Amino acid sequence: MPKKSKIKVLHRDYTERQEQLARQYQQTDEARKHHQVRLLSLGLVVTIITVVCLFQIVQSRVTVVNLQKQTTDVNKELKTVQAKNDQLNQQVKQLKDKDYVQKLIREKYYYTKKGETVYTIPKD
């Protein structure tokens, strides 16, 4: 036999309402936490993508600077080689001139024609 309780519940509507509000608060708190986790995850992904992009930009900039330096060096070398090439072309033109070749042979190798005498004068 069930015992009859001497306790009478007062304001049952009030307590049910409080329990319902507590459940709603718990649900909204869980939803807020879920949104915070999603926002944090999204922020982390955006941060990672930004860091990777910045790394790529910096790496590209370093590559561009290195290529510019190499281009400058190669251009200097090209100018040097072109100057040397121009000089050699000038020598080729001079060597095609018969008078120049005779003068060069006479000065460098002391070549003389028959009957000529070479006198060397010392330089101070």
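Numbering starts at 1 and runs along the sequence shown. All values derive from a computational prediction rather than experimental measurement.
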Undergrad: Not counting sequence neighbours, which residues clear side-chain contact (heavy atoms from CB on, under 4.5 Å) with Gln24? List them please.
TA: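 side-chain contact (heavy atoms from CB on, under 4.5 Å) list for Gln24, sorted by chain: Gln20, Leu21.
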Undergrad: Checking Gln82 now: which residues fulfil side-chain contact (heavy atoms from CB on, under 4.5 Å) with it, not counting sequence neighbours?
TA: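 Gln82 satisfies side-chain contact (heavy atoms from CB on, under 4.5 Å) with Leu78 once adjacent residues are dropped.
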Undergrad: Not counting sequence neighbours, which residues clear side chain to side chain donor-acceptor pair (under 3.5 Å) with Gln18? List them please.
TA: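 For Gln18 the side chain to side chain donor-acceptor pair (under 3.5 Å) partners, ignoring immediate neighbours, are Tyr14.
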Undergrad: Any salt bridge (charged side-chain N to carboxylate O under 4.0 Å, His left out) pairs touching residues 76-96, not counting sequence neighbours?
TA: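 Qualifying pairs, neighbours excluded: none.
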Undergrad: May I have all residue pairs that pass salt bridge (charged side-chain N to carboxylate O under 4.0 Å, His left out) and include part of residues 23-40, sequence neighbours excluded?
TA: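 Counting only pairs at least two positions apart or across chains, the salt bridge (charged side-chain N to carboxylate O under 4.0 Å, His left out) contacts touching residues 23-40 are Asp29-Arg32, Asp29-Lys33.
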Undergrad: If you look only at distance, which donor and acceptor atoms sit under 3.5 Å apart when one is on a side chain in residues 58-74 and the other is two or more places apart or in another chain?
TA:
from, atom 1, to, atom 2, distance (Å)
Ser60, OG, Gln56, O, 2.9
Thr63, OG1, Gln59, O, 2.9
Asn66, ND2, Val62, O, 3.4
Thr71, OG1, Leu67, O, 2.7
Thr72, OG1, Gln68, O, 2.9

Undergrad: Among residues at least two apart in sequence or on other chains, which ones pass side-chain contact (heavy atoms from CB on, under 4.5 Å) with Ile57?
TA: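 Ile57 satisfies side-chain contact (heavy atoms from CB on, under 4.5 Å) with no other residue.
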Undergrad: When the side chains of residues 41-48 are checked against the rest of the protein, which donor-acceptor pairs come out under 3.5 Å, sequence neighbours left out?
TA:
from, atom 1, to, atom 2, distance (Å)
Ser41, OG, Val37, O, 2.9
Thr47, OG1, Gly43, O, 2.7

Undergrad: What pairs with Tyr100 under side-chain contact (heavy atoms from CB on, under 4.5 Å), at least two apart in sequence or on another chain?
TA: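 With neighbours one apart ignored, the set is Gln94, Leu95, Asp97, Leu104.
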Undergrad: Give every residue pair that meets the salt bridge (charged side-chain N to carboxylate O under 4.0 Å, His left out) criterion with at least one member in residues 111-123, sequence neighbours excluded.
TA: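 Non-adjacent pairs meeting salt bridge (charged side-chain N to carboxylate O under 4.0 Å, His left out): Arg106-Glu116.
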